Amino acid sequence: MLRPDFFDQDARELAPALLGVVLRRRVGALWLAAAIVETEAYLRSERASHSSLGRTPSREPMFMPAGTLYLYHSRGGPSLNLSARGEGDAVLIKAGLPWVDERSGPRSLEAMHRLNPKRDGSARPERRLCSGQSLLCRALDLRVAEWSGRTFDPEAFYAEAGPRPQSILQTRRLGIPAGRDEHLPYRFVHGEHADAATENPLRKRGWVEGVEYRVSG
DNA sequence: CCAAAGATGCGCT
DNA sequence: GCGCATCTTTGGG
């Protein structure tokens, strides 16, 4: 399990640092797992963040110590965030890649598919099973009422070191309305797993490296 | 209490 | 790329 002080850094540093981290979630006797492949940083000081809209009970976890889980609902699905060092700052976990290893075997992957099928009931392609903030929460059975305001729990849901990216893609956040600091380059994508992100910057028509996105590492 | 607003997801073109 | 279904939360916009 990652040490609590890992989360105690600026959201713009924590967001890329979380790429490759493996989320482990126990459902019954099975441990489900996904590696984080896409994150977004949100600061209280800019207008896209929920914390910038003011303090309410549901937003309170954003203001709690670094590492506090903040889950909220939007358009019918939950989203997972981690509070960062600055009060009101947080990182949105935007996409993951189903992670299969000794701890989480084929039966765990099947359980994730059952938790998050397509609307017609059929299975999603594996790389698309957690490729969205709500898709990830569904595949890991993470609900707002159960987890928001809590911290990781080694018995039920926690994070540990995983496949570090050799390169990181940095670009603008998705779904931010005009006038809400939509230009800030606070989205980070795992360079080797960009196809599992909600949107792969490398496949965007007309996007040029160094202009619409940057590559580091 | 209820209309409106989402840090979405999907299917169709 | 674009329109629409979806559905919980919010606060009176």
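Order of the sequence lines fixes the chain letters, A, B, ..., with proteins taken first and strands second; residue numbering starts at 1 for each chain. Since the structure is predicted, the reported quantities are computational estimates derived from the model, not experimental observations.
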**Message:** Between A/Glu155 and A/Arg26, does any NZ, NE, NH1 or NH2 come within less than 4.0 Å of an OD or OE carboxylate oxygen?
**Reply:** no
**Item:** NZ/NE/NH1/NH2 to OD/OE distance under 4.0 Å, A/Asp101 and A/Arg103
**Value:** no
**Asked** side-chain hydrogen bond (donor to acceptor under 3.5 Å, both in side chains): which pairs involve residues 174-189 of chain A, sequence neighbours left out?
**Response** A/Arg12-A/Tyr186, A/Glu38-A/Arg187
**Prompt:** Should stems be defined as at least three consecutive Watson-Crick or G-U pairs with both distances under 3.5 angstrom, which of them involve DNA chain C?
**Reply:** B:1-6 with C:7-12, B:8-12 with C:1-5
**Item:** Separation between the P atoms of C/dG13 and B/dG6, rounded to whole Å
**Value:** 15 Å
**Asked** A/Pro16 and A/Thr39: which non-hydrogen atoms are nearest, and at how many Å?
**Response** N-OG1, 4.2 Å
**Item:** Whether over 12 other heavy atoms sit under 6.0 Å from A/Arg107 CZ
**Value:** no
**Request:** From the options A/Trp31, A/Trp147, A/Phe6, select the one residue that forms a ring pair (Phe, Tyr, Trp, His ring centres under 6.0 Å) with A/Tyr158.
**Result:** A/Trp31
**Prompt:** Are the ring centres of A/Tyr72 and A/His50 closer than 6.0 Å?
**Reply:** yes
**Prompt:** Do A/Arg59 and A/Tyr70 meet the cation-pi criteria used here (NZ or CZ under 6.0 Å from the six-membered ring centre, within 45° of the axis)?
**Reply:** no
**Sugar-phosphate or base contact per nucleotide [nucleotides 6-13 of chain B; S, B, -; heavy atom under 4.0 Å]** = BBBSS---
